[in-house]
Amino acid sequence: MTPNRRLFFIQVLSVSLLFFTLVFTIVPLVSGSSQYIVFFLLTGAYFAIILLFYQVYKNYVRPVKHLIDTIESLVSGNYKVRVHEDFHADTGRLQGAINELARHLQRFESSRKNACPSTK
């Protein structure tokens, strides 16, 4: 299990523990049919927070992991590697910039090899 995925599951577990604590603390304090309303409100909030964590993981954590892999590949000299560009505001711009950097490095490397054929 990757550290990012482990962090996601730790966050889900923390929110779940908080949810159960709130349910077992708040619901008994409310009387009658209001208990159901409070329970469903807390349940809705729980699922909203889990969805928010998943969206952050999917749209930011996972793309950054792929960006790190691509940058490590560029550092090792593989200038043909590219990142799949999605169009989330910040990660999309970062992915585009890394692809542009890779294209420039690839052109620079090929022009350097063409200028000095003995360095192949």
Side-chain angles (χ1 to χ4, degrees):
M1 182 178 290
T2 65
N4 296 331
R5 189 168 284 164
R6 187 176 30 225
L7 177 64
F8 173 72
F9 286 120
I10 289 172
Q11 289 173 340
V12 169
L13 181 65
S14 299
V15 169
S16 299
L17 289 174
L18 178 65
F19 169 73
F20 287 118
T21 303
L22 286 173
V23 166
F24 289 117
T25 304
I26 294 175
V27 172
L29 298 176
V30 180
S31 63
S33 63
S34 298
Q35 286 182 333
Y36 295 112
I37 294 171
V38 170
F39 177 75
F40 287 123
L41 285 174
L42 287 173
T43 304
Y46 170 76
F47 285 114
I49 291 171
I50 296 300
L51 181 65
L52 177 70
F53 282 155
Y54 176 73
Q55 289 298 319
V56 167
Y57 175 77
K58 185 180 91 173
N59 294 327
Y60 292 100
V61 175
R62 196 179 334 168
V64 168
K65 169 71 173 104
H66 292 296
L67 291 172
I68 290 170
D69 293 342
T70 302
I71 290 170
E72 287 173 350
S73 199
L74 286 171
V75 168
S76 69
N78 181 8
Y79 301 130
K80 295 179 182 180
V81 69
R82 299 293 185 268
V83 179
H84 171 72
E85 292 184 41
D86 57 14
F87 296 99
H88 296 287
D90 296 329
T91 57
R93 287 180 46 210
L94 183 58
Q95 290 164 339
I98 288 175
N99 283 340
E100 185 69 22
L101 174 65
R103 282 190 290 276
H104 285 297
L105 287 171
Q106 189 175 15
R107 278 191 230 126
F108 176 75
E109 183 68 17
S110 66
S111 67
R112 188 177 69 86
K113 284 183 179 180
N114 289 339
C116 300
S118 63
T119 61
K120 289 185 179 179

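Sequence positions, counted from 1, serve as the residue numbers for this chain.
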Let me confirm one number: the [atom1]-[atom2] distance from [X] to [Y], rounded to the nearest 0.5 Å.
| X | Y | atom1 | atom2 | result |
| --- | --- | --- | --- | --- |
| Leu67 | Ile98 | CG | CD1 | 4.0 Å |
| Thr70 | Asn99 | OG1 | CG | 7.5 Å |
| Arg6 | Ile10 | CZ | CD1 | 7.0 Å |
| Leu101 | Arg82 | CG | CZ | 9.5 Å |
| Leu105 | Ser110 | CG | OG | 10.5 Å |
| Gln55 | Ile50 | CD | CD1 | 12.5 Å |

Scanning both residues in full, the closest heavy-atom pair of Tyr79 with Leu74 reads CE2-O, 3.5 Å
Compare every heavy atom of Ala102 with every heavy atom of Val81, then report the nearest pair and how far apart it is.
->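 So the two residues come closest at O-CB, 3.7 Å.
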Taking only residues two or more places apart in sequence, or in another chain, which ones meet Tyr54 in a side chain to side chain contact (heavy atoms under 4.5 Å, CB included)?
->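 For Tyr54 the side chain to side chain contact (heavy atoms under 4.5 Å, CB included) partners, ignoring immediate neighbours, are Phe8, Lys58, Arg62.
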Do Leu7 and Ile49 belong together in a cluster built from hydrophobic side chains that touch within less than 4.5 Å?
-> no
Residues 21-47 vs side chain to side chain donor-acceptor pair (under 3.5 Å), sequence neighbours excluded, gives Ser16-Tyr46
CA sep, side-chain torsions, deciding dist, call: Lys80, Gln106, side chain to side chain contact (heavy atoms under 4.5 Å, CB included) = CA-CA 7 Å; Lys80 295 179 182 180; Gln106 189 175 15; 3.3 Å; yes
Using the test side chain to side chain donor-acceptor pair (under 3.5 Å), find all partners of Glu72 that sit at least two apart in sequence or belong to another chain.
->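 For Glu72 there are no side chain to side chain donor-acceptor pair (under 3.5 Å) partners, ignoring immediate neighbours.
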